[in-house]
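By convention here, the first residue in the shown sequence is residue 1. Ligands are counted one by one from 1 in listed order, and the atoms in each one are counted from 1 as well. Hydrogens, waters and symmetry mates are skipped; everything else that's a heavy atom, side chains included, is used.
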Amino acid sequence: MSIPKSLLLTLAALRGVHGWGVLGHATVAYVAQHYLDADVASWAQGVLGDTSTSYFANIASWADDYRSTTAGKWSAPMHFIDAEDNPPTTCDVNYSRDCGSTGCSVSAIANYTQRVSDARLSAANTAEALKFLVHFLGDITQPLHDEAYEVGGNDIKVTFDGYSGDNLHADWDTYMPEKLIGGSTLSDAQTWANTLISDITSGSYKSQAASWIAGDNINDAVTTATRWASDANVFVCSVVMPNGAAALQTGDLYPTYYNSVIGTIELQIAKGGYRLANWLNMVYSANIAKKAKRDGRDMQAREAEPDLMGEDFLPAPRPLSKAQLARAAMDGSCCGLGREHKH
Ligand SMILES: *[C@@H]1O[C@H](CO)[C@@H](O)[C@H](O)[C@H]1NC(C)=O
Ligand SMILES: *[C@@H]1O[C@H](CO)[C@@H](O)[C@H](O)[C@H]1NC(C)=O
Ligand SMILES: [Zn+2]
């Protein structure tokens, strides 16, 4: 029996290819808000037109909503980098091998880092750049957003906490974080963020937080973001599927598997928020505060400014790999969550 292609596409549309879910992204946002310098926070509130205490959390999942619209389909590849490594034996990210000629999370972070501080952009485009950065610096810490295997785990069917129709990617994005926190509202995210902030400021993350941002360089965003992707990708081999994917399909992932990975999920959310704040603090002090001062002058220097489309950040075009073809079949068919029925 053959299944019509249109039906296969519809089925693909039901599977999630989100970043962290709403809870994870909002938590990254609240952590970042805590560590933003005061002048950067005022600038960000101005750019977003939101002076509330949730100015980042309110827009943290905008990029996921946007990619699921017709107008925003083009941005789907920017939510991940498909590392074509070989988990659990070898894990590694290679920018020129893995980014793809239409771009990935790494080139997008470089592009929007450049755009967010470019005075030539309209207010709307500056806001777009900031919203993308808030989102992508979260996505890149989710290990399965840095992995091509089985479309980042979207094609690994698993059972979690009694839900037999789950896939591994959606469990990492959404269902395991929600199991931990017990909800997905902004208030849940704020609560989780407060715990992570105290872990960073005076708890178990205190001694390592400096290493999360060590070497981060806004003038070499491709290298920096590739390092962030590699840092998360390592967990695919060591934590996400240390015994391969088949070992995850033999029973309910709750509680044993969940207990073995939830600490990594918390770590990666904390890291994403801490890095995002540090990144924007650096971009602001190096490029935005300074530029505001010389506003309206220096036309010649402006002409020498870079291409706003970020073409320079893309790797050299290469023929599509098998993993890229598999991914292409999913693009634009996002962002249904993994679960259609409660049971
Ligand atoms: C990265 O991938 C490119 C393209 O496949 C290859 O030429 C290069 O040797 C790889 N680099 C490393 C360090 O493996
Ligand atoms: C840079 O951003 C612009 C505006 O969103 C987009 O059109 C362009 O494709 C982006 N380039 C890259 C390399 O991501
Ligand atoms: Zn995303």
### Query
Among protein heavy atoms, which lies nearest atom 4 (C) of ligand 1, and at what distance?
R318 NH1, 3.5 Å
### Test: R327 cationic atom under 6.0 Å from F80 six-membered ring centre, within 45° of axis
yes
### Residue that, paired with W279, satisfies ring pair (Phe, Tyr, Trp, His ring centres under 6.0 Å) out of W228, Y284, Y274
W228
### Message
Can you tell me which portion of R115 lies within the under-4.0 Å heavy-atom range of ligand 2? Options are side chain, backbone, both, or neither.
### Response
side chain
### Query
Does some non-hydrogen atom of the protein lie less than 4.0 angstrom from atom 7 (O) of ligand 1?
no
### Summary
Of all N, O or S atoms in H79, the one closest to the Zn ion (ligand 3) is ND1
### Task
Run through N233, I81, D173, D82 and flag the one making a side-chain contact (heavy atoms from CB on, under 4.5 Å) with H145.
D173
### Close N or O approach (A108, ligand 2; < 3.5 Å)
no
### For ligand 2, the portion of W74 having any non-hydrogen atom under 4.0 Å away
side chain
### Task
List every atom of ligand 2 that sits less than 4.0 Å from any heavy atom of E128, numbering the atoms from 1 in the order shown and giving each element.
4 (C), 5 (O)
### Query
Are W20 and Y258 linked, directly or through other ILVMFWY residues, by side chains that come within less than 4.5 angstrom of each other?
yes
### Numbered atoms and elements of ligand 1 in range of S96, under 4.0 angstrom, heavy atoms
1 (C), 2 (O), 3 (C)
### Message
Any N/O/S atom, side chain or main chain, of H145 closer to the Zn ion (ligand 3) than 2.8 Å?
### Response
no
### Task
Report yes or no: do V234 and V236 belong to one cluster of Ile/Leu/Val/Met/Phe/Trp/Tyr joined by side chain heavy-atom distances under 4.5 Å?
no
### Query
Can you list the atoms of ligand 2 that are under 4.0 Å from a heavy atom of L314?
13 (C)
### Task
Look only at interatomic distance and state if Y112 has a nitrogen or oxygen under 3.5 Å from any nitrogen or oxygen of ligand 2.
yes
### Message
Within rounding of 10°, what is the angle whose vertex is the Zn ion (ligand 3) and whose arms end at OD2 of D139 and OD1 of D64?
### Response
170°
### Quiz item: cation-pi between K179 and Y254, 6.0 Å / 45°
yes
### Query
In ligand 2, which numbered atoms sit nearer than 4.0 Å to a non-hydrogen atom of N111?
1 (C), 2 (O), 3 (C), 8 (C), 10 (C), 11 (N), 12 (C), 14 (O)
### Task
Scan the protein's non-hydrogen atoms and note whether one is under 4.0 Å from atom 2 (O) of ligand 1.
yes
### Task
Compute whether any side-chain donor of one residue and acceptor of the other, for T191 and Y30, lie under 3.5 angstrom apart.
no
### Task
Confirm or rule out an N/O/S atom of H25, from backbone or side chain, lying less than 2.8 Å from the Zn ion (ligand 3).
no
### Task
Give the numbers and elements of all ligand 2 atoms closer than 4.0 Å to a heavy atom of G310.
13 (C)
### Task
Measure the distance from atom 11 (N) of ligand 2 to every protein heavy atom, then report the residue, atom name and distance (to 0.1 Å) of the closest one.
M309 O, 2.7 Å
### Message
Is it the case that the side chains of H169 and D155 hold a donor-acceptor pair, with the cut-off being a distance below 3.5 Å and no angle test?
### Response
no
### Query
Closest non-hydrogen protein atom to atom 10 (C) of ligand 1, residue and atom name please, with distance?
N94 ND2, 2.4 Å
### Query
Just one of D220, D216, D146 clears the salt bridge (Lys or Arg N to Asp or Glu O under 4.0 Å) bar with R227, so which one?
D216
### Task
Determine, stepwise, if the pair L36 / N281 fulfils side-chain contact (heavy atoms from CB on, under 4.5 Å).
CA-CA 6 Å; L36 274 194; N281 287 342; 3.6 Å; yes
### Query
In terms of side-chain heavy atoms, does E266 have a donor or acceptor partner in W192 at a distance below 3.5 Å?
yes
